[in-house]
Amino acid sequence: MTILVLFGTLFLLILINVPIAMALGLSSIFTIIFTTNMDLSIVAQRAFASLDSFPIMAIPFFMLAGILMGKGGVSKRLLNFAAALVGWITGGLAMVTVVACMFFSAISGSGPATVAAIGSFMIPEMKKRNYGEGFASAITAASGSIGVIIPPSIPFVLYGVVASVSVGGMFLAGIIPGILIGFSLLLISYVIGKKNNFTSDGQVFSFKYLMKTFWEAKWALLIPVIILGGIYGSVFSPTEAAAVAVVYALVIGVFVYRELNMKNIYECFVEAGIINGATMIIIGLSISFSFLMTSERVPVTIAEYLTDLSSNPIFILLLINLFLLIVGAFIDTISALVVLAPILLPVVTELGVDPMHFGVILITNLAIGFITPPVGVNLFVASNIGGTRIEAISKAVLPILFMLIFSLLVITFVPELSTFLPETFL
Amino acid sequence: GDNGAENEASGSAEDTGETHEIRVAHLVNEDQSTHVALEEFIENVEARSDGQLQVEAYPNGSLYVSDREAIEAVQTGNLEMTIPAVAPLSGFNSSFMVFDLPFLFETKDAAYSALDGDLGNTLLDELEEDNLKGLAFAENGFRHITNNNGPIEDPDDLEGMSLRTMENPVHTDTFQALGANASPFAFGELYTALQQGTYDAMESPVSLVYTNNFYEVQDYLTVSEHFYAATILLTNPDFFDDLPEDLQEIIQEEADNYREEQRQIASEQDEEWMEELEDEMEINELSEEQKEQFIEQTSSVYEDYEEEIGSDLIEMAREANE
Amino acid sequence: MSIYKLLDRRLEEIILVITMVVMVVLIFYQVLSRYVLSNSLSWTEEMARYVHVWQVWIGASFAVRMDKHIKVEMVKDLLPPMYRRIVELIALLLWFFLAVVLAYIGTVVVLDMIGSGQTSPAMRIPMWIGYAAVPVGGILMSLRLVQQIVKHFKKPAEEAS
Ligand code: NA
Ligand code: NA
């Protein structure tokens, strides 16, 4: 009953044009009032507590840094360089987005933050060059989900803790699958680019032009070096790196490229604030929804049902993948992970699946969940940054989604992709 | 009640009496003593109440991701029970800051006698005014220092080292007094921060070092026993008082059993896991003289907080060491 | 600029800019202090987090005015203009209901918290100061939604397509 009310009202409200954040909040409130004897105050408490988080603050910072880089002339130069590098290939700008996101993933533990950082300059650029607003936002949202697979990754740390698996091992386990997903996205970019004739206006590869754009972009190219170097050189955490990126973007925009002034800096801050509010409020209100699911033991029931069904490991893994994809469509990654990992892990280890391998499967699924509607944080971030309507992205994301699910199957059935590095180095 | 879960539960209860659902949320994983003992508590409570009490555990922070939030939920009646560390309780009642003081208890037995005696009772009485009822004090045990630079034998070894503390001013001040560059940092990011060297050092109970794999990113463990970390089985007083008296009695008695059981398992685990950690880290113990230097250098913390905590409470705690 | 116009255009905007500046400064300072000054403050992170919660709720309110909330328009757009207007109004009214509920329960939580005297872990400031973001955001959002509902009635039906 509770679940019926929870999901029924959610879908109905979303369909009649209530913002997704509000639909999550309203369905939680209706469910609490009509089917439980809980106190409504819990919605307000969770709305505060879920946002009272340090890692989450990386998102507004990377959003702001991205917007400042966009207005401050950084993205222009970076894009010229990127275009010189791979822009001449069919679907090149999408490929640049994928590679940039992979690169960025190595500094960010968060999918949405990766989308925010790369998307704020790549989506407008792709739109300008007729990639279609839906595809532009969709490929960025998809590339951003690599952010939680290539280390560092907040969900991997959580999995290691929850499942008592080596976190260091999990980080190593994510590297090859992350690169694999990156290559699959490059492939789909090429295929879609070929089909839609995303060519490069007769642009050809020129080494001289490459060097010229490289030199012009040197300050911008230093950004990932500073952030990456800062994190791996043990100077700061991702959230701190994001704040440093803001300061760096300001300095470059004001003093080097001289394209930022008080007026457009103010506008950048306002824009980042609004996008952050519209995005984060989803997290604030979805938490009550996840909470109701957890306290009603919905995921547990589903997991129990799954194992009663068959004892064939391949069949069960396929079913679990299907189940996780559905869960990932509705619930935020962190809640899903914390609830499901301890339930599903014993089931699969009994079937002989390596715990690290399962962690990668689990988080790849939930990373795909970042881009499956209705609750796909990366879609929301991309939608807000690109000013693209969510259904346009949802449509364009479908072929990409198929590609990711194909990668997921490869990751599922070739355990060595996940276990090779940790077994070699640990 | 008209709640679905309660109806379901009443079907299995042999008694005709009303069933009561108790959700217990906590942060640690299922292997840790807090949860192991909780499972036994649940079994006993359910059996002794003939199913009138239905207890469901939510480990791993699956219901509430922080102790502060879970305590607040119990206080406002949104959750029936939680087992937080006592440190976050000081935000709800500043008397609990007494446990934040460094080197307060010399041995676990001293801590037990204080917690189960006058000090504990005084604090439990005070809690009732905050709409919280403490049923029993259990433990996470003593906290120790881990780091990547070398064994800590002297406060000078901490000089300038960046050290992560809990978000607790007394803890931060303690390590600042020892010369470390101490600051709080989000627990969820701590592993990465230690791995990447954002922080050189941290301080935590043995169980956390072991179950959260911190030994992978920390080379040295110093058995400093600088803080004794108690936990507390908390419930909502209105919820508790509304229960029939026989059920109240069952819960209180089983909470007392929980306390004994949990402390024993915790001590066994500390010993067992410390042995395992010996293969992974270099472990050093502080001699009496070495420890004395740490105590001396942190005495300023007592002076700074004496007024806020109350010298009578501090005195009560210190007496347990005699 | 009239007072109404000033409140309508600038109030939330200025709060957004200030909160963002404060967050960046606090976290940037946190990095600097750890290395350059080698003396960290224990409360920078907590303060930045609370300021961020405020930013989110104020930003969510301003996002109503700027039409930045994420919605699914697909089904609504299939409807004939008359029904579309009705659906839009229902959605706005439901949203308004949520904002009022958030303002109300948020206020209850804040009052409870003032009563219980809970303080924050690091700064030891009253905890309600952080939580107050929820009712304040709820109230501002309610006002913004009244504004949107009025706009909805002023807008001629044909323009709605
Ligand atoms: Na990453
Ligand atoms: Na999703």
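Treat the numbers as computed from the prediction; the structure is a model and nothing was measured.
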(request) Please name the pair of heavy atoms, one in B:Glu167 and one in C:Ala122, separated by the smallest distance, quoted to 0.1 Å. (result) CG-CB, 3.5 Å
(request) Measure the spacing between CD1 of B:Ile71 and OG of C:Ser116 and express it to the nearest 0.5 Å. (result) 11.5 Å
Which region of [X], side chain (C-beta onward) or backbone (N, CA, C, O), has a non-hydrogen atom less than 4.5 Å from a non-hydrogen atom of chain C, or is it both or neither?
X        : value
B:Ala182 : backbone
B:Tyr199 : side chain
B:Met161 : neither
B:Pro169 : both
B:Thr76  : side chain
B:Asp130 : side chain

(request) Check for a donor-acceptor pair, side chain of C:Thr119 on one end and backbone N or O of B:Gly91 on the other, with a separation under 3.5 Å. (result) yes
(message) Report, in residue-number order, which members of residues 46-63 of chain C are under 4.5 Å from chain B by heavy-atom distance.
(response) C:Glu46, C:Arg49
(message) Is it the case that over 12 heavy atoms from other parts of the model lie below 6.0 angstrom from the CZ atom of B:Phe239?
(response) yes
(request) Check side chain to side chain donor-acceptor pair (under 3.5 Å) between B:His171 and all other residues, then give those that pass, not counting sequence neighbours. (result) none
(request) Measure distances from C:Ser120 to the heavy atoms of chain B and classify the residue's part below 4.5 Å as side chain, backbone, both or neither. (result) neither
(message) Is C:Met123 close to chain B through its backbone or its side chain, or both, or neither, when contacts mean heavy atoms under 4.5 Å?
(response) neither
(message) Just so I know, are the side chains of B:Gln75 and C:Met113 near enough to count as touching, which here means a heavy-atom distance under 4.5 Å?
(response) no
(request) Evaluate the side-chain proximity of B:Glu72 to C:Tyr131: yes if any heavy-atom separation is below 4.5 Å, no if none is. (result) yes
(message) Among B:Pro88, B:Ser90, B:Ala87, B:Ser94, which residue has the highest count of heavy-atom pairs closer than 4.5 Å to chain C?
(response) B:Ser90
